[in-house]
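The next block holds one structure in the form of structure tokens; read it before the comments.
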Amino acid sequence: MKWWTEARFGMFIHWGLYALPARHEWVRERERLTDEAYAKYFDHFDPDLYDPRTWARLARRAGMRYVVVTAKHHDGFCLWDSKLTDYKATRAPCGRDLLRPLVEAFRAEGLRIGLYYSLLDWHHPHYTVDAFHPMRNDREFLERSKNRDFRIYVDYLFGQVRELLTGFGPVDVLFFDYSFPGPGGKGREDWRSEKLLDLVRELQPGIIVNDRLDLLEAPGGWDYRTPEQFMPREGLRVDGRDVPWETCQTFSGSWGYHRDESTWKTARQLIVLLVEAVSKGGNLLLNIGPTARGTIDRRAVDRLERIAAWMTLNGRSIHGCTRAPEGFAAPHNCLLTWNPVTRRLYAHVLEWPPGELHLDGLAGRVAYAQLLHDASEIPLVEKGRETGFIPGQRPGADENWLTLRLPVLEPDVELPTIELFMKAVP
Ligand code: GLC
């Protein structure tokens, strides 16, 4: 997990036929679209401007260190040239494998490769109708699909996973999505999750697998947890121990390209999400939903570029960082991240105070402080040793806090970060 934990920031990509209706990747389910009704998207899928090198460059510049891309989403459409189906990019008007060039482009930019594979499949003729199937209320469809044999689908699933893990070189992450055990649902027995995971680990021993196979209780059943669209209150723990986790989040309210959705988070909100995840020991997987031309929405590009500007200057408060050690309390309106190797502490100041910032528990422990984006000194005021203090209003010699003397003007960056160099431990 070492590279993954140090990476802290990845790009999620939801791309497929649902980019054409451009109203959520669950459009088939939401609008109960039949195979025939959904077919027009397959018939018109032709991303003529697709150049994954531009996507990869954007990701790398934003400080993202890995990518997770939907090889297949719930609608069953495959971006790669699977030998096991015709429902794939090579048979759509674009007539080419869309996954391979993406994997190559991201690798060329130095990013690790993750594949998302949907366990659900609303297209496969033997995927049995369940509580989320778009046709679940269609009597005629139910009648027609009475004789579906789910084992045939599961063989297909195993076969496709084998293709993905043998045909694209080293795959660093596999993101299965998802299980919903219980009545009308599907879980580990249906997917044969244990066997599936054995196959995955056998084909790619170094791979990291998410937690959606319904194997939460099984030893080795997952490598990291995936809180979706929310920030855990604290880091995630299992039996009192910290576990690796990653929150996946969208720019706006949809994973697939959604033309008319307007709840876009600002660049600053996204940077805060990233910092907050790291301050709690987690990763952020931030999603783009490219268009059916193969381009990335201006709104996403704009935010990625702002994140890139921030990361260029502040990336070392993210990469390789984690939550601050016990006893370093975050001051009011700050998030703390910590690099255990360089032993530098980062205070990300959410609300810029006019003049000073007090850090509890840090008196005598910091050697030097600076604004990270321009390496300008932040003077330290320790234990009231500086002259002119009004007793009782400034830290006294017996107090254990450190005061940073800040400029009154808030630095002109999306989120100002102060870098604190700790004294060597005696
Ligand atoms: C959900 C949704 C899906 C999305 C995924 C991302 O499970 O079904 O559309 O791909 O979350 O984590």
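In listed order, ligands and their atoms are each counted from 1. If you're wondering where the values come from, they're calculated on a predicted model, not measured in any experiment.
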- Item | Cation-aromatic face contact Arg148/Tyr127, 6.0 Å, 45 degrees | no
- Query: So does Arg188 pair up with Glu217, basic N to acidic O under 4.0 Å?
  - Reply: no
- When Leu359 is tested against each of Ile418, Thr403, Leu420 for side-chain contact (heavy atoms from CB on, under 4.5 Å), which residue passes? Leu420
- Query: What class does the angle between the rings of Tyr153 and Tyr156 fall in, given that below 30° is parallel, 30 to 60° is tilted and above 60° is perpendicular?
  - Reply: tilted
- Cation over ring face, Lys72 and Tyr87, 6.0 Å, 45°: no
- Query: salt bridge (charged side-chain N to carboxylate O under 4.0 Å, His left out) between Arg192 and Asp155: does it pass, once the steps are laid out?
  - Reply: CA-CA 10 Å; Arg192 290 198 269 138; Asp155 286 344; 3.4 Å; yes
What are the polar N/O contacts of ligand 1 with the protein below 3.5 Å, with distances?
{"residue": "ligand 1", "atom": "7 (O)", "partner": "Asp177", "partner atom": "OD1", "Å": "3.2"}
{"residue": "ligand 1", "atom": "7 (O)", "partner": "Asp177", "partner atom": "OD2", "Å": "3.1"}
{"residue": "ligand 1", "atom": "8 (O)", "partner": "Trp26", "partner atom": "NE1", "Å": "2.9"}
{"residue": "ligand 1", "atom": "8 (O)", "partner": "His74", "partner atom": "NE2", "Å": "2.8"}
{"residue": "ligand 1", "atom": "9 (O)", "partner": "Glu25", "partner atom": "OE2", "Å": "2.6"}
{"residue": "ligand 1", "atom": "9 (O)", "partner": "Trp26", "partner atom": "NE1", "Å": "3.0"}
{"residue": "ligand 1", "atom": "9 (O)", "partner": "His73", "partner atom": "NE2", "Å": "3.1"}
{"residue": "ligand 1", "atom": "10 (O)", "partner": "His14", "partner atom": "NE2", "Å": "2.5"}
{"residue": "ligand 1", "atom": "10 (O)", "partner": "His73", "partner atom": "NE2", "Å": "2.8"}
{"residue": "ligand 1", "atom": "10 (O)", "partner": "Tyr116", "partner atom": "OH", "Å": "3.2"}
{"residue": "ligand 1", "atom": "11 (O)", "partner": "Glu228", "partner atom": "OE1", "Å": "2.8"}
{"residue": "ligand 1", "atom": "11 (O)", "partner": "Glu228", "partner atom": "OE2", "Å": "2.9"}
{"residue": "ligand 1", "atom": "12 (O)", "partner": "Arg212", "partner atom": "NH1", "Å": "3.0"}
{"residue": "ligand 1", "atom": "12 (O)", "partner": "Glu228", "partner atom": "OE1", "Å": "3.0"}

